[in-house]
Each structure stands twice: as C-alpha cells, then as structure tokens.
Amino acid sequence: VQLVESGGGMVQAGGSLRLSCAASGFPRDDYAIAWFRQAPGKEREGVICISGSDGSTESIYSVKGRFTASSDSAKNTMFLQMNSLEPEDTAVYYCAADLAFVPEFPCSLREHSYHAWGRGTQVTVSS
C-alpha cells in the first residue's frame, strides 16, 4: 500500500488549499482514509476521515464548515479541500488508510486505526 500526499504550500489566513492523496495497492474495497496533521511541538491529531464505501465523513470541531474530504475512486485519489485557513492550521498533513475498515461503522480519527501512512505535506498559513 502506498500513499503520496501533494498540494501543500504557503497561504495567507483566509485562503484555501487542496491536498491530494494518491493511493495504490489497497488489498480490499472496504477502507477509510483520514487526514492527520502535526503542528510543531504538538502531537499528531486526526482532522477528518472519509469512508471509501459511502463517502461519509467525520471531522473535528475546529475544521467543521471549513475542511471537506472527498474521493475520486476512479483515480484512487482522495482530496482535502481546506478553506478559510487559519494560522492554527499550520502543520504537516498526512493521509492514512484504515485497511480493516468496517463500513457499517463511522470512520475513525484515531491513529491506531490506520495501517498505512503517507510521508506528509507541509501547510503553512501566515497571519
């Protein structure tokens, strides 16, 4: 399984970025993808996840209404659209795959649920 993030960069507060996660090698059709982030000096946190089965999502409160996760199954690519960015969103963003995902349950924002990780992409939001 391979995950490769792209789309990070620098943006001013209030701006937008779209991250991509190109995936390959999934052994089964049921999976979930999550976006995590790690800011300097802080622990990595789950931000938003999306079910590969029905596209349902879960997210943390601080990004609700600003961040949207989506997927293009034909291209095996997942996206994170980030709008109204704030300096507090500055972090390295990682995509991760839950390869034991059970579609009857919501996707998880817990690290231990995820089996494969990308290397991350830096997002910097200036004030």
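Everything numeric here is computed off the predicted structure, so don't read it as measured data. The figures here come from the full heavy-atom set of this structure, side chains too, leaving out hydrogens, waters and symmetry mates.
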Inset, instruction - May I have the step-by-step check of ring pair (Phe, Tyr, Trp, His ring centres under 6.0 Å) for Y94 and F36, ending in yes or no? - result: CA-CA 5 Å; Y94 301 88; F36 289 78; 8.4 Å; no
Legend entry - Distance in Å, D98 CG paired with S113 OG, rounded so as to fall on 0.5 Å steps: 5.5 Å
Inset, instruction - Enter the distance from C49:SG to E58:CD here, rounded to the nearest 0.5 Å. - result: 5.5 Å
Inset, instruction - Would you please name every residue forming a salt bridge (charged side-chain N to carboxylate O under 4.0 Å, His left out) with E45, sequence neighbours left out? - result: R37
Legend entry - Test side-chain hydrogen bond (donor to acceptor under 3.5 Å, both in side chains) applied to T90 - qualifying residues, sequence neighbours left out: none
Legend entry - Side chain to side chain, L99 and P27, heavy atoms closer than 4.5 Å: yes
Legend entry - Donor-acceptor pair, side chain of T121 and main chain of G8, under 3.5 angstrom: yes
Legend entry - Flag, side chain of E5 to backbone of R119, donor-acceptor distance under 3.5 Å: yes
Inset, instruction - Take I33 and F26 through the side-chain contact (heavy atoms from CB on, under 4.5 Å) test and state the conclusion after the steps. - result: CA-CA 11 Å; I33 297 293; F26 283 7; 3.8 Å; yes
Inset, instruction - Considering non-hydrogen atoms only, spot the tightest contact between A116 and V1 and give its length. - result: CB-CG1, 3.6 Å
Legend entry - CD-OG distance between Q12 and S127, expressed to the nearest 0.5 angstrom: 9.0 Å
Legend entry - Check: S71 and F79 side chains under 4.5 Å, non-hydrogen atoms: no
Legend entry - Side-chain hydrophobic cluster, 4.5 Å single linkage: members besides L80: V11, L17, L19, W35, V47, I48, I60, V63, F67, M82, L85, Y93, L109, V123, V125
Legend entry - Pairing residues for E111 by the side-chain hydrogen bond (donor to acceptor under 3.5 Å, both in side chains) criterion, not counting sequence neighbours: R44
Legend entry - Residues in side-chain hydrogen bond (donor to acceptor under 3.5 Å, both in side chains) contact with S6, at least two apart in sequence or another chain: none
Inset, instruction - Tell me yes or no: between the side chains of S53 and D30, is some donor less than 3.5 Å from an acceptor? - result: yes
Legend entry - Heavy-atom pair with the smallest gap, counting every atom of S62 and R66: O-NH2, 2.9 Å
Inset, instruction - Can you see which heavy atom on T57 is nearest to which on A69, and at what distance? - result: CG2-O, 4.1 Å
Legend entry - Y114 versus C107, closest heavy-atom pair with distance: OH-CB, 4.4 Å
Inset, instruction - Please report the closest heavy-atom contact between H115 and A100, naming both atoms and the distance. - result: CE1-N, 3.5 Å
Legend entry - Residue pairs passing the side-chain hydrogen bond (donor to acceptor under 3.5 Å, both in side chains) test where at least one lies in residues 16-25, sequence neighbours excluded: S16-N83
